[in-house]
Amino acid sequence: MIFVMPNDKTSSAPTSVAGKLSLRFLLSGRNRTGRWLILLLWAASTALSIALGVVAVELDWSALPVSLGEHNFHITFYPPLIIAMFWLFWFGFWWACIPTWITTFILATHYGMAPGWAFLFAFSDPLGLALIAMIYRAIPGAIAINRPVNSLLFILVSFAGAVISSVGAFIWSHATQSPITGLFPIWEGWWLGFWLQNVVFVLPLLLLFDPAVRHWQGKTRLWQRKHPGRRTLQQTLLVALTLICTALVYTWLSAYLTQEALSIAAFSRDAHVWQPVALMAKDSLKAQVVVLGILMTAMALFGVYLFRDWSARLTQSHQQIMRTNRRLNAEVHEREKIQAELQQGYQMLSLMAQLDSRLHAANNAPDVIAVLEEYLPRLLPQMEGVLCRITPDGHTEILLHWGRYALMGRQQAEHLELPDITDNWHNPHLYDPDGKLGIQHVIPLLSDQHLAGAILLGQPPKEDRVVKQVLHTLGEHLSLALTNLRLRERLLDEATHDPLTGLYNRRFLYTWLQNEFERCRRHERQLSLLLIDIDHFKALNDSLGHDAGDKALQGLSDHLSSMIRHNDIACRLGGEEILLALAETDQRNAAAKAQRLCESVRSLQLFTENGQPIPALTISIGIAVFPSQAQTPSDLIRAADRAMYEAKARGRNRVCLAS
């Protein structure tokens, strides 16, 4: 199997690996040039392997004797295995196995081996390649061949693969009926040649060309990337079992050869027969010790690699679990935060609905302010706020403040003078010119284009979307409620007041009298009506015009309104007739009040639009008192009217009481 290592050199366990080059993926890929190049190269290398195999057999490169001092060795040089190792390392097991098997099968059958034995014999070298592939699949970090420790592992892994593939020597010996004395050189040359080929030829070329090949693989995008699967443990155990079996098989084969050779030598006294056998047994024992030592070293190194790889994977898994836990905790925290915001938003919406209902039920600006006193601390508990009322002289009066500290004190509010420009009332700098109070947001409360109050707010909590939504919704609801209130007040004013004088009209008078009569009956109180008519008003209109008459009516109405108590009312019945209703006033006090009015009106100075003085006015007043002179509002008004006409008949500018 071919693996791609990550760039991080501190970990032996890769985060992702590139699996084998799948033929199906190769044929279905979009890189047609790369596909046909790889297939052509594979076919050419297969043909080259067959040709080199023929050359190796013809030149008898099998079991070549080599002397190193006192030690004699046999080496088999088999070039097809060199080519197969590159395909194994860079492309995958099957890309190396198939050409190797085909080459061995063709050579075996061509040189006289029975097809059945040739079929079995051809699996020898693929068996060694399979062991190498299994080891690299179990420890993918070892594929980084440029590291010295990985190069050492490659040497040991190659030795293990060479030993297990050398079982083919026994198949060859059995199939060709060769003598046992000739088997040892073939077997030794097989595994020693396999191993030396990898060390002398394959390893240097891998170190030289591996980076370039990996780069090319990445550019072709034909190598699939995947993470180590759950079968890694099974593969590791299989590799370990295979290494142990390799050592056992090698020991058994070596012992078998030695035993057979010694058996032959035991029945011969010819020195030419038993001396070579003895030397072979000696060399076999030495080779056995060396091979077992190397196999044990390979197994130990494999265990070290396995431990490091598993440790790195466990560390990586632990880190991944920690990252996942942190992400899940963050998601849970975010969901709890969202849930809390939704709950808070739901509560705010419920409060806002109640506030909206109360605001629309308010009849005047004081009612609106009273509702806000109740709901503002509940709607904005996390903010510092102040609810102010604007006094008639244009100053602010604090009605309510909430939060950790007050944004504005009473003295600051009393000395604050607000302009009449509507556009500036929402500006925090107007209420906090020095910026010391921390006022960040202002919601003005307007009533008929006049500032009735203001909501002053501090800094809202950071990233609190509910507060921002509440502020936005509160401003909209207040604006709508105050607009509706102004419309209702305007409609009510138009329905109950005279448009010229600003006094109450006849409709409001009858409604007020009906309620007041009931109250007076219940508490046994008296009610007096003063019906006032301007003397010679027609002559004033004829001499100075209707504009002067209107000015006279307006001036007289303002004067009369200023002369009555707050629980009394002044109404215009029609024309120049004005009626004053004095609550809880008997006949004597009503007469005294009427007399003072006559005197004050005579001294009243009025002017027309052009500044021309209007002649001094006089009025005639008729007085009627409930319950002594009438029992219904209509009867009482008629009684006052009769008394007023009696005053006119007596010479005007006087007061008459109803009889």
Side-chain angles (χ1 to χ4, degrees), residues 46 49-50 52-64 73-85 87-88 93-94 96-135 157-198 202 242-243 245-258 260 280 284 287-288 291 294-295:
T46 303
S49 296
I50 297 173
L52 292 176
V54 173
V55 172
V57 174
E58 292 293 336
L59 297 180
D60 195 16
W61 290 346
S62 177
L64 298 175
F73 303 99
H74 295 86
I75 299 175
T76 296
F77 182 60
Y78 190 58
L81 279 177
I82 298 176
I83 299 175
M85 283 300 300
W87 282 100
L88 172 69
F93 169 69
W94 291 107
C97 173
I98 294 175
T100 304
W101 186 90
I102 292 174
T103 301
T104 306
F105 179 78
I106 292 175
L107 293 176
T109 55
H110 178 70
Y111 288 100
M113 186 178 289
W117 285 108
F119 181 84
L120 182 62
F121 178 70
F123 282 104
S124 302
D125 288 330
L127 188 62
L129 297 176
L131 177 60
I132 296 174
M134 290 167 55
I135 292 176
V157 167
S158 299
F159 186 83
V163 170
I164 198 171
S165 71
S166 65
V167 71
F170 293 88
I171 299 175
W172 174 85
S173 176
H174 191 74
T176 59
Q177 298 297 319
S178 299
I180 195 66
T181 54
L183 177 58
F184 180 79
I186 298 297
W187 176 61
E188 185 183 50
W190 191 306
W191 60 262
L192 190 56
F194 191 151
W195 179 58
L196 289 177
Q197 284 181 171
N198 285 352
V202 177
T242 305
L243 288 174
C245 291
T246 301
L248 294 177
V249 168
Y250 176 81
T251 304
W252 179 82
L253 291 176
S254 179
Y256 172 77
L257 287 176
T258 304
E260 291 296 324
M280 185 197 73
S284 175
Q288 184 177 3
V291 170
I294 295 176
L295 286 177

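Index from 1, following the sequence.
Ring pair W61/F77 is tilted by interplanar angle, where 30° to 60° counts as tilted.
Here the shortest heavy-atom pairing between A63 and I186 reads CB-CD1, 3.9 Å. Counting all heavy atoms, side chain and backbone alike, F194 lies closest to S165 at CD1-OG, 3.2 Å.
Residues satisfying the side chain to side chain donor-acceptor pair (under 3.5 Å) test with S158, not counting sequence neighbours, are N198. Residues passing the side chain to side chain contact (heavy atoms under 4.5 Å, CB included) test with I75 are V66, L192, L196, sequence neighbours excluded. Residues that satisfy the side chain to side chain contact (heavy atoms under 4.5 Å, CB included) test with T103, not counting sequence neighbours, are S49, I50, Y78, P80, L107.
F159 has its ring centre less than 6.0 Å from the ring centre of W191.
A donor-acceptor pair is defined here as one N or O able to donate and one able to accept, closer than 3.5 Å; no such pair exists between the side chain of T100 and the backbone of A84.
In this structure, the side chains of M113 and F119 stay at 4.5 Å or more apart for every pair of heavy atoms.
Rounded to the nearest 0.5 angstrom, L81 CG and T104 OG1 are separated by 7.0 Å.
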For residues 121-133, tabulate all N or O donor-acceptor pairs below 3.5 Å that involve a side-chain atom, not counting sequence neighbours.
{"residue": "S124", "atom": "OG", "partner": "F121", "partner atom": "O", "Å": "2.9"}
{"residue": "D125", "atom": "OD1", "partner": "W190", "partner atom": "NE1", "Å": "3.4"}

